[in-house]
Amino acid sequence: MSDAPTRSTQDWQAADAAHYLHPFTDFKALAAKGSRVIAKADNIYLWDTDGNKILDAMSGLWCVNVGYGRRELIDAATRQMTELPFYNSFFQTATKPAIELAELLAEVTPPQFRHVFFSGSGSEGNDTVVRMVRRYWDVLGQPGRQVIISRRNAYHGSTMAGASLGGMSGMHAQGGLPIPGIVHIEQPFWHELGRDIGRAEFGLKAARWLEEKILEVGTDKVAAFIGEPVQGAGGVIVPPETYWPEIQRICDKYHVLLVSDEVICGFGRTGEWFGCERFGFRPDLMTFAKGVTSGYVPLGGVMVGTRIASALIDRGGEFNHGYTYSGHPVACAVALANIRLLQREGIVETVRDDTGPYLAQQFAALAGHPLVGEVQTCGLMGALQFVKDKTSGAPFPTELELGMVCRAHCFGNGLIMRAVGDRMIVAPPLVITRAQIDEMMALVRRCLDLTLADAVRHGWV
Ligand code: PXG
């Protein structure tokens, strides 16, 4: 076994530092510090190579929605690997799990979706989105429509197109991004941009930034708008309820395609099957990944609405795009088992009716904490915004990196919670129980108090 006791944690860390370049990592700093090596997992818990038990309040990376160790998914992978570990779907062939998954996705996604294009990840899915919307407008005889509008602080992946669609300035600063034809508007982040007006009014104002951008770029040049229903990696930024319906109205008015990136929000995270259902809009395309297999194996894709599918099928001819692993049979078999599990156990409904509201209640109780200026939740996602001044909402100086201070306490106390700047976020597995939410909240409280004690000691508050 690869985790044979003969290798110590130090030994693993040395080999890691010598050979392994991690994503989004300062290689030198990590090599000096040493990785935390995760050895095994069960339900919502992880264990590292030192035997420490950790409550995984981030579901791996927003993906292990049914929890770790689910027999149904393991068996599905084993069966499929035994029967047919791989075959492609390029040259007029298909595999049974890919066909069945396409059929099941058409059933569980909103009614405008009857077709799917598979990829291996969310980033690849968004590359497919860029290719597909541009192709759609070509086929319709409007090749001038090339520009895709996205938002600052969005995350849409790390490939050239994914990172360009994303609105992360640190990513754009490396590698000559964004690629041409992708422009950004501001995000619907009330705490940062809208505190002088009410949330509802701010939602409309933020949506109208899209209309202004469409008019600025030219109504005959805009192909699509893409957004995450709730920005995940950007910090669990839940938009005002007025935002998405207004975005829908604007897209309809200018015939701009609407793309929902559901890589995080899809498959129950918001308490509905898809985030667009939670926020009441009707996308033309929907990117998914992560939760489709609960992260057990990589799979992504794009749900293609009837408007686009009909044009591409009836008039498009060959679409020159695809990946070796489009419709990978093992990934599709695991996705089938995962979605059936979500259905059979009513997991999405439990998030909507029970654990989601319970998390909201528990998070709301943290609003009184001296460090916390804003609390937001949506389904099983939650965010706590640190502020220096609770009345004005003034932030801490960024160089203090208070979020990182808190994250270090989480690491030390057996909790995985993410820091996005000074915003602490959770997205636990969708199978988390009320008792486990209590356990998580006790850890969250302890880490907030330890962070506060540090802030007091350093004279930051
Ligand atoms: N879209 C969204 C909305 C995502 O959250 C991607 C696309 C890209 O998916 P892939 O499978 O290519 O990674 C994502 C991924 C974080 C974090 O720190 C979030 C993601 C990835 C890595 C880190 O919160 N989301």
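Counting starts at 1 for both ligands and their atoms, following the listed order. Computed from a predicted model, the values in this text were never measured in an experiment. Atoms considered below: every heavy atom in the structure, side chains included; atoms not considered: hydrogens, waters and symmetry mates.
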Donor-acceptor contacts, no H, no angles, side chain residues 234-242, under 3.5 Å, sequence neighbours left out:
residue	atom	partner	partner atom	Å
E241	OE1	R278	NH1	3.3
E241	OE2	R278	NH1	3.4
E241	OE2	R278	NH2	2.8
T242	OG1	A200	O	2.8

Subject >> Note: R423-E374 ion pair, threshold 4.0 Å (strictly below) >> reply: yes
**OP:** Using side chain to side chain contact (heavy atoms under 4.5 Å, CB included) as the criterion, list what pairs up with I74, not counting sequence neighbours.
**Re:** R71, T78, Y296
**OP:** Output yes when E186 and R151 qualify as a salt bridge under the 4.0 Å nitrogen-oxygen rule, no when they do not.
**Re:** no
Original post:
Would you call R131-E124 a salt bridge at under 4.0 Å N-O?
Top reply: no
**OP:** Can you sort out the partners of E272 under salt bridge (charged side-chain N to carboxylate O under 4.0 Å, His left out), two or more places apart, ordered by chain and number?
**Re:** none
Original post:
What residues come within 4.0 Å of ligand 1, counting heavy atoms only?
Top reply: L61, W62, S121, G122, S123, N126, Y155, H156, G157, E228, A233, D261, V263, I264, K290, R418
